[in-house]
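First the structure, in the form of structure tokens, and then the observations on it.
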Amino acid sequence: MDFKLKSDYRPTGDQPKAIDLLTRSIEAGNKHQTLVGVTGSGKTFTIANVIKNTQLPTLVVSHNKTLAAQLYQELRDFFPDNAVSYFVSYYDYYQPEAYIPQTDTYIEKEADINAEIDRLRLSATANLVSRPDCIVVASVSCIYNIGNPAEYEKYFLELVEGQIIDRADVAHRLLDLQYQRTTTELTRGNFRLIGNTLQLHPGNEGVVLSITFGEKTIESIKRLDPINFSELKRKDSANPYDYITTIYPAKHYITDPVNQKAAMGQIRDDLAGQIKKFKKESRILEAHRLEQKVNYDLAQIEEFGFVNGIENYSRYFDSRSPGDPPFTLLDYMNYNAKKFGKKNFLTIVDESHISLPQIKGMYRGDRSRKETLIDYGFRLPAALDNRPLNFIEFQARTPQTLYSSATPQELELNLSQAEAVPAIAEQLIRPTGLLDPEVKVFGSANQIAHLVSEVMIRKARGERTLILTITKRMAEDLTEYLKDHVPGLKVQYLHSGVLTLDRSDILDDLRKGNFDCLVGINLLREGIDLPEVSLVAILDADKEGFLRNPTSLIQTMGRAARHVNGMVYLYADRVSDSMKQAMDVTGRRRQVQIEHNESHGITPVGIVKPIKEKLLQREEKRENGTRIKELEEFGWKKPEDVNPEALTLGDKKKLIRKMKALMTAAAKNWDFEMAAKYRDLIAKLS
């Protein structure tokens with residue numbers, strides 16, 4: 001299937017030139033090309049046109065989940081008939097395994113996996129091994145190990161009505177695919193047997209499959225709503241393949257039983273060698289610790305096929321040699337291109353000035369932590385091979401790359417300039433004629449009083465404001481101050497402490513006018529599309545550093561470029577070098593845009609952009625006002641069902657942490673009734 005771009009827009013301004021240049025560069029086989037585009041110039045639309053023109057499977061890499069979600073929504077709308085997927089880290093909370101020798105402190109790996117994001121990840125890989133028309137929007141989690149795509153594809157289970165197969169055979173096959181059997185509530189990745197019917201909640205879909213068996217055949221396969229179990233109508237199709245139900249593995253780590261047996265033998269050999277090494281060095285404690293740890297893990301894998309931390313043995317199960325890079329999403333992209341006869345795949349590095357340094361930094365931090373674990377007997381040396389790709393490996397696995405940024409750095413510009421035909425496209429003109437914002441500098445004295453008066457002026461006009469602080473604590477404190485001291489002003493904060501899927505909802509609420517002002521730090525910089533924002537206020541603008549360097553300031557100023565009344569206020573006691581550079585760049589761009597508008601008779605027009613459909617439709621209803629969905633993974637629906645004695649110490653800590661976060665969020669939203677319920681639950685669990 002071809003990539004089919006559907007949009008009411010047509011390329012305007014300098015978009016046609018950029019699209020043509022980038023398309024010709026990619027088709028000529030250039031490995032590197034750069035799109036330099038100001039905020040609001042339609043870089044995503046340009047990229048969509050390049051994808052349509054080149055017809056290459058495409059990976060879009062973003063440096064944060066909020067921006068990745070926005071790009072996913074935009075590309076999903078541009079390509080509604082194609083497989084557009086979302087692939088980001090599925091952790092709501094993640095504490096990696098670590099050891100601190102100075103205090104003899106071992107920190108066990110602890111993580112809360114977001115089931116909805118896990119489903120989207122599995123859906124992305126399922127698409128890549130089954131469809132040619134794939135666009136995947138990913139965070140830098142795409143450079144982490146997810147297993148061999150060739151092994152993953154071997155374990156598909158295809159079922160069709162009338163097929164001769166026994167119910168028990170299907171159940172055993174599902175266990176091989178890492179699904180778990182349950183006799184109670186049916187959650188994602190589980191199945192249950194009820195009479196002659198097998199009900200399955202696939203890992204990559206938001207439906208339940210109800211498979212009814214006859215004596216030796218499948219009588220019917222129905223798709224059910226996972227909430228009320230009502231039957232979903234099947235679309236009529238003349239294609240017989242549309243009536244084949246394909247069940248994909250519930251996890252990415254799938255290994256062949258033959259390979260697993262060989263892997264277990266290799267693990268035991270390496271364990272013996274490492275124990276011998278420790279004993280030779282008279283490190284008896286480390287030898288004993290490693291022996292206990294690895295033998296426990298092996299027993300779990302042999303009994304259940306899985307253990308917490310199995311990824312540390314991935315090199316054995318993937319049949320990789322020591323030092324070999326892991327299999328990542330990039331391997332799935334390459335697998336897709338080869339399987340469906342494409343010459344390669346295209347990688348878009350969005351906001352490359354941030355994404356590339358982030359990719360570079362992942363490898364070293366991971367290695368340092370694991371070397372300590374290995375040295376003190378907590379892991380085998382093979383744990384080093386469960387790692388992110390280093391930058392050289394990333395470049396080697398991305399055959400053609402398009403860097404996109406309003407402020408690209410020397411690396412991507414030099415790589416693009418070094419091509420036989422240099423490919424650097426510039427987009428300074430916005431389709432709507434909007435200008436880069438005017439920038440004004442104010443002193444820090446009485447800055448809050450001045451800022452409040454300006455925010456209220458925007459509120460009266462139905463416009464929104466972004467305020468950028470320099471720390472999380474300042475963002476939260478300023479938010480509370482504005483809530484308490486400015487009657488009628490609705491304000492919210494946004495930073496990395498806010499749950500992944502809540503961030504997009506907060507931005508949508510700002511656009512809808514549910515509140516007037518958003519306070520943040522760094523999440524408001526790159527690519528956040530908020531046409532209603534007319535004022536960006538930056539506090540401590542003269543504090544040189546990562547958040548106040550020229551690149552950061554230029555990107556932050558760009559948030560006000562979507563509105564005809566766009567203004568930027570810099571609160572500072574001096575004009576720093578970074579401020580001057582940022583104001584010079586913004587001023588030059590603004591002048592180019594003014595001259596273009598005057599020569600073409602263009603009057604700037606504000607953007608009217610619909611609010612996208614939510615990334616995920618999450619079930620938030622409570623039965624009789626008391627249902628708490630976080631309890632359901634333990635088999636409970638209401639607070640009265642909770643039995644602390646049925647929980648392990650680890651699960652109890654995990655649940656208490658979740659309840660504390662929910663209690664705080666409910667209190668901040670003035671939902672004191674729910675906050676009290678969470679408080680009582682915490683007391684019951686403590």
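Every heavy atom of this structure was used, including side-chain atoms; hydrogens, water molecules and symmetry mates were not.
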TODO: Give me the ring orientation class for Phe79 and Phe3: parallel if the planes are under 30° apart, tilted from 30 to 60°, perpendicular past 60°.
DONE: perpendicular

Task: Smallest separation among heavy atoms of Pro437 and Met567, with atom names - done: CB-N, 4.1 Å

Task: Distance (rounded to the nearest 0.5 Å) between Ile354 CD1 and His63 NE2 - done: 5.5 Å

Task: Sidechain N-carboxylate O distance under 4.0 Å for Asp584, Lys580 - done: yes

Task: side chain to side chain donor-acceptor pair (under 3.5 Å) contacts touching residues 43-52 (sequence neighbours left out) - done: Thr44-Glu74, Thr46-Gln427

- [ ] May I ask you to test the Ile348-Val50 pair for a side-chain heavy-atom distance under 4.5 Å?
- [x] no

Open item on the list: If only side-chain N and O atoms count, and only distance matters, is there a donor-acceptor pair under 3.5 Å linking His353 with Thr551?
Closed with: no

Open item on the list: Please verify the inter-ring angle class for His450 with Tyr571; under 30° counts as parallel, over 60° as perpendicular, anything in between as tilted.
Closed with: perpendicular

- [ ] Looking only at non-hydrogen atoms, find the nearest pair between Leu22 and Thr34 and report the distance.
- [x] CD2-O, 4.0 Å

TODO: Mind checking the CG-CG spacing from Asp81 to Asp2? Nearest 0.5 Å is all I need.
DONE: 11.5 Å

Task: Asn30 side chain vs Val421 backbone, donor-acceptor pair below 3.5 Å - done: yes

Task: Donor-acceptor contact present, side-chain Asp14 to main-chain Leu428, <3.5 Å - done: yes

- [ ] Taking the side chain as every heavy atom from C-beta outward, state whether Ile448 and Tyr481 have any atom pair closer than 4.5 Å.
- [x] yes

Open item on the list: Given Gln591, which partner from the list Gln593, Arg588, Arg589, Glu595 fulfils the side chain to side chain contact (heavy atoms under 4.5 Å, CB included) test?
Closed with: Glu595

Task: Verdict with reasoning, Tyr493 to Ile506, per side-chain contact (heavy atoms from CB on, under 4.5 Å) - done: CA-CA 9 Å; Tyr493 68 81; Ile506 289 172; over 6 Å; no

TODO: To the nearest 0.5 Å, tell me how far Ile602 CD1 sits from Ile594 CD1.
DONE: 13.0 Å

Open item on the list: With a 4.0 Å cut-off on N to O distance, would you call Asp477 and Arg473 a salt bridge?
Closed with: yes

Open item on the list: Under 4.0 Å between a side-chain nitrogen and a carboxylate oxygen: does that hold for Arg387 and Glu393?
Closed with: yes

Task: Minimum heavy-atom distance Lys343-Leu56, with the two atoms named - done: CG-CD2, 4.3 Å

Task: Heavy-atom side-chain proximity of Leu510 to Leu466 below 4.5 angstrom - done: yes

Task: Side-chain H-bond candidate by donor/acceptor type, Thr39 with Arg562, under 3.5 Å - done: no

Open item on the list: I'd like to know if the side chain of Arg464 and the backbone of Pro531 have a donor-acceptor N/O pair within less than 3.5 Å.
Closed with: no

Open item on the list: I want to check something: taking the side chain as every heavy atom from C-beta on, are Leu434 and Val564 in contact at a cut-off of under 4.5 Å?
Closed with: yes

- [ ] Verify, without hydrogens or angle tests, whether Gln33 (side chain) and Thr401 (backbone) share a donor-acceptor contact under 3.5 angstrom.
- [x] yes

Open item on the list: Are Pro431 and Tyr9 packed together at the side-chain level, in the sense that at least one heavy-atom pair is separated by less than 4.5 angstrom?
Closed with: no

Task: Among Arg458, Arg461, Arg511, Lys459, the one residue meeting salt bridge (Lys or Arg N to Asp or Glu O under 4.0 Å) with Glu532 - done: Arg511

Task: Spatial distance of atom SG (Cys517) from atom CD1 (Ile467) [nearest 0.5 Å] - done: 3.5 Å

- [ ] Side-chain contact test, heavy atoms from C-beta onward, threshold under 4.5 Å: evaluate it for Gln417 versus Leu413 and give yes or no.
- [x] no

Open item on the list: Within the 4.5 Å heavy-atom criterion, are Thr328 and Met333 side-chain neighbours or not?
Closed with: no

Task: Side-chain touch Val568/Leu553, heavy atoms, less than 4.5 angstrom - done: no

Task: Nearest non-hydrogen partners of Asn53 and Glu27, listed with the distance - done: O-OE2, 3.6 Å

Open item on the list: Closer than 3.5 angstrom, by distance alone: can the side chain of Lys65 be matched with the main-chain N or O of Ser89 as a donor-acceptor pair?
Closed with: yes

TODO: Start with the C-alpha distance between Leu411 and Lys360, add both sets of side-chain angles, then the distance that settles side-chain contact (heavy atoms from CB on, under 4.5 Å), and finish with yes or no.
DONE: CA-CA 12 Å; Leu411 172 63; Lys360 286 182 179 180; 3.7 Å; yes

Open item on the list: Nearest 0.5 angstrom please: Leu35 CG to Ile19 CD1, how far?
Closed with: 9.5 Å

TODO: Mark yes or no for whether Gln555, through its side chain, and Ser552, through its backbone, hold a donor-acceptor pair below 3.5 Å.
DONE: no

TODO: Establish, from distance only, whether the side-chain atoms of Asp573 and Ser444 form a donor-acceptor pair under 3.5 Å.
DONE: yes

Task: Residue that, paired with Leu329, satisfies side chain to side chain contact (heavy atoms under 4.5 Å, CB included) out of Val61, Leu128, Ile143 - done: Leu128

TODO: Compute whether any side-chain donor of one residue and acceptor of the other, for Ser139 and Ser141, lie under 3.5 angstrom apart.
DONE: yes

- [ ] Would you check if the side chain of Asp516 reaches a backbone N or O of Lys490 as a donor-acceptor pair within less than 3.5 Å?
- [x] yes

Open item on the list: Out of the candidates Val536, Leu535, Leu489, only one should pair with Thr465 under the side chain to side chain contact (heavy atoms under 4.5 Å, CB included) rule; please name it.
Closed with: Leu535

Open item on the list: Is it the case that the side chain of Lys342 and the backbone of Gln55 share a donor-acceptor pair, with hydrogens and angles ignored and the cut-off at 3.5 Å?
Closed with: yes

Task: Arg121 to Val88 - nearest heavy-atom pair and separation - done: NH1-O, 3.0 Å

Task: Check: Ser534/Asn565 side-chain N/O donor and acceptor closer than 3.5 Å - done: no

Task: Backbone of Ser41 reached by a side-chain donor or acceptor of Gln15 within 3.5 Å - done: yes

Task: Closest heavy-atom pair and its distance - Leu356, Glu412 - done: CD1-OE1, 3.6 Å

Open item on the list: Would you say that more than 12 heavy atoms from the other residues, nucleotides or ligands in this model lie under 6.0 Å from the CD1 of Ile392, or not?
Closed with: no

Task: Ser62 backbone acceptor or donor facing Glu351 side chain under 3.5 Å - done: no

Open item on the list: To the nearest 0.5 Å, what is the distance between CG on Leu330 and CG on Leu389?
Closed with: 6.0 Å

Open item on the list: Working note: Met583 + Val575, criterion side-chain contact (heavy atoms from CB on, under 4.5 Å); need CA distance, chi angles, decisive distance, verdict.
Closed with: CA-CA 10 Å; Met583 289 189 290; Val575 176; 3.7 Å; yes

Open item on the list: Could you walk me through whether Phe515 and Val491 satisfy the side-chain contact (heavy atoms from CB on, under 4.5 Å) test, starting with their C-alpha distance in whole Å, then the side-chain angles of each, then the deciding distance to 0.1 Å, before giving a yes or no?
Closed with: CA-CA 6 Å; Phe515 54 93; Val491 61; 5.9 Å; no

Open item on the list: Looking at Asn446, I want to see if its CG is surrounded by more than 12 non-hydrogen atoms of other residues, nucleotides or ligands under 6.0 Å.
Closed with: no

